[in-house]
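Have a look at the structure below before the remarks.
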Amino acid sequence: MIRTILIVLLFVAVAGTGYWGYSEHQEKNAVLLQAENNYQRAFHDLNFHMDSLHDKIGETIAMNTRNQLSPALAQVWRLTSEAHNDVGQLPLTLLPFNKTEEFLTKMGEFSYRAAVRDLDKNPLSDKEYNTLKELYANSTEIQNELRKTESLAQKNNLRWMDVEMALATNKQPEDNTIIDGFKTVDKSVEGYSDVDFGTEVSNMEKMKDRDLSQLKGKKITKEEAKKIAVDFFQLKKNVKITVESTGKDAKYDAYSLTLYNPDTKGTTYMDLTKKGGYPLYVLYDRNVGKPKISLNEAMLQAEDFLKKHMESQMEMVTSDQYDNIGVFTYARLDDGVRIYPETVSVKVALDNGDIMGYEGTDFLLAHVDDRTPTFKISEQEARKNLNPKFQVKETSKALIRNDINEEVYCYEFLGILGDDTFRVFINAENGNEEEVRKLKEAEPSYNDI
């Protein structure tokens, strides 16, 4: 009897194990199949958008009137964005494809800048038409290479999951049509580097690659970085500090500091620029309890923190609450003008008012000591360009970056339309509506806190 029971139990165990293994195998196959289908879809979408992009660029060359040309160029910009999105969904992160992505970015920026300007007053130049012709020829080559890759992949029943495995393990097969096809595309794009996208697009590329070389001060050592951290946090000697240089692939040349406080059992992370020793960001890692202070009290803590650590006058422009933390964004105030590119954010714990985080990278990258404000029209003239139903509650002067990354001086109007609150920025030189920002429901105006 006991033997029979043991045999039955063993049989049940074996059967259960087999069923579990089968279920796991089925679930794994289902996940792999879904991933493969997603990759296939993204690849087909990429080909479709590149075909459409090629055709649309060809159409722009034949157009002359703004009524047709501006929407067509906007479509070129949209299609480059779609193609970018498709590439981002493919397992190409380990495969050099950056030249193609960079080319698509420049193509999109060129078409967008042309689409948004007044082509009646400032029509496309001969140089810009030549650029469009070059883009048309280049997109033809990319289109053909992608079509060839797609055709061979279908013919040989190639799977994208094999591509992902090959890239992840660095064990690329001698003949992988998809990998070879994308390498061919990227190699071809290297030859397009002489395309003249214009100085404006080139300047935008430089803006994206901004560095911190304009910072004042000498290069600091690791020991000096430790001293800055001690003074910054007013630390005791028993705090353990480790300092490491950021890696060679880091965007900015900085020191990364880790500070452990045995009294509070808390760890703080901080990045300091090597030049000048300016804080890029600070993060205090601890659990935050239930709120015991108000958002207004937290704001006062943030402002006190900034007064201690920043020479510039800062003014709060947004405040939010995420769980048990208040997040406040401040813009530099320069002679009554809010300099929006120069912003910092401060995070404050609502349980006891601790500073949980600080982000100052944007401020350091954009900071300019001497700017010359340009306000050619009056506030009353700027108001004429607002929606008649827009109820203005506050007005101020501001410097913002517009859609094409240019710094422009504006009149900033905070007001209400219907049940929503908006910030509207009117160009202080020509009266154009530069930007409209909808405030979140929980976000107060400047004077509400």
Cation-pi check, Arg437 onto Tyr340 ring (under 6.0 Å, within 45° of axis): yes
Over 12 foreign heavy atoms within 6.0 Å of CD, Glu381: yes
Beyond-backbone contact of Thr258 with Ile241, side-chain heavy atoms, under 4.5 angstrom: no
Shortest non-hydrogen contact between Pro341 and Ala366, atoms and distance: O-CB, 3.5 Å
Flag side-chain contact, heavy atom, 4.5 Å: Met356 against Arg286: yes
Test log, rule side-chain hydrogen bond (donor to acceptor under 3.5 Å, both in side chains), inputs Asn385 and Glu433: CA-CA 7 Å; Asn385 296 293; Glu433 190 177 68; over 6 Å; no
Between OH on residue Tyr255 and CD1 on residue Ile228, distance to nearest 0.5 Å: 10.0 Å
Distance in Å, Trp77 CH2 paired with Ser81 OG, rounded so as to fall on 0.5 Å steps: 5.0 Å
N-O pairing of Glu435 and Arg401 below 4.0 Å: no
Nearest-0.5 Å distance, CZ of residue Phe425 to CG of residue Leu414: 9.0 Å
Minimum heavy-atom distance between Asn324 and Pro291, given as atom pair plus value: OD1-CD, 3.3 Å
Any side-chain heavy-atom pair of Ile355 and Val346 under 4.5 Å: yes
Approximate separation, where rounding is to 0.5 Å, of Thr395 OG1 and Phe413 CZ: 5.0 Å
Heavy-atom closest pair, residues Leu417 and Phe390: CD1-N, 3.9 Å
Gln321 vs Ile325 side-chain heavy atoms within contact, under 4.5 Å: no
Ion pair check, Asp351 and Lys292, cut-off under 4.0 Å: no
Euclidean distance, Thr131 OG1 relative to Ile57 CD1, rounded to 0.5 Å: 11.5 Å
Any donor-acceptor N/O pair, Glu224 side chain to Thr221 backbone, under 3.5 Å: yes
Polar side-chain atom of Asp334 near backbone of Val337 as donor-acceptor pair, under 3.5 Å: no
Whether Phe305 and Phe232 hold their rings parallel, tilted or perpendicular, with breakpoints at 30° and 60°: perpendicular
Short side-chain to backbone donor-acceptor contact, Glu359 and Thr361, under 3.5 Å: yes
Over 12 non-hydrogen atoms of neighbours within 6.0 angstrom of NZ in Lys274: yes
Donor-acceptor pair between Glu394 and Ser396 side chains, under 3.5 angstrom: no
Over-ring placement of Lys397 relative to Phe375, 6.0 Å and 45° cut-offs: yes
Close side-chain approach of Leu272 and Leu257, heavy atoms under 4.5 Å: yes
Flag side-chain contact, heavy atom, 4.5 Å: Glu82 against Asp45: no
Of Ile426, Ile400, Val424, the residue whose pairing with Glu434 passes side-chain contact (heavy atoms from CB on, under 4.5 Å): Ile400
Glu406 backbone acceptor or donor facing Asn402 side chain under 3.5 Å: yes
Side chain to side chain contact (heavy atoms under 4.5 Å, CB included) between Val239 and Tyr260, intermediate numbers included: CA-CA 6 Å; Val239 173; Tyr260 176 72; 5.8 Å; no
Spacing of Met316 atom CE and Thr343 atom OG1 [to the nearest 0.5 Å]: 14.0 Å
Exercise: identify the closest heavy-atom pair between Leu364 and Pro279: CD1-O, 3.8 Å
Distance-only side-chain donor-acceptor flag, Asp285 / Thr267, under 3.5 Å: no
Qualifying residue for side-chain contact (heavy atoms from CB on, under 4.5 Å) with Val348, from Glu297, Gln301, Met299: Gln301
Over 12 non-hydrogen atoms of neighbours within 6.0 angstrom of CG in Asp369: yes
Salt bridge flag under 4.0 Å for residues Lys227 and Glu223: no
Electrostatic pair Lys384:Glu379 at N-O distance under 4.0 angstrom: no
Step-by-step side chain to side chain contact (heavy atoms under 4.5 Å, CB included) determination, Val76 to Leu53: CA-CA 6 Å; Val76 171; Leu53 181 60; 3.7 Å; yes
Closest contact, heavy atoms only, Ala298 versus Leu350: CB-CD2, 3.6 Å
Asp323, CG atom: more than 12 neighbouring heavy atoms under 6.0 Å: no
Aromatic plane relationship, Phe328 with Tyr330 - under 30° parallel, 30 to 60° tilted, over 60° perpendicular: tilted
Verdict with reasoning, Phe363 to Met310, per side chain to side chain contact (heavy atoms under 4.5 Å, CB included): CA-CA 11 Å; Phe363 179 91; Met310 296 193 73; 3.7 Å; yes
Min side-chain heavy-atom separation Leu215-Tyr278 under 4.5 Å: yes
Criterion salt bridge (charged side-chain N to carboxylate O under 4.0 Å, His left out) on Glu407 and Arg371, from CA distance to verdict: CA-CA 11 Å; Glu407 289 192 350; Arg371 282 189 168 93; 3.1 Å; yes
Closest contact, heavy atoms only, Val344 versus Gly360: CG1-CA, 4.0 Å
Sidechain-backbone polar pair: Tyr411 side chain, Ile377 backbone, donor-acceptor under 3.5 Å: yes
Side chain to side chain, Phe233 and Leu259, heavy atoms closer than 4.5 Å: yes
Asp335, CG: over 12 other non-hydrogen atoms inside 6.0 angstrom: no
Pair Arg383-Leu386, side chain to side chain contact (heavy atoms under 4.5 Å, CB included): steps then yes or no: CA-CA 5 Å; Arg383 279 176 179 261; Leu386 294 170; 4.3 Å; yes
Salt-bridge criterion met for Asp51 and Lys56 (N-O under 4.0 Å): no
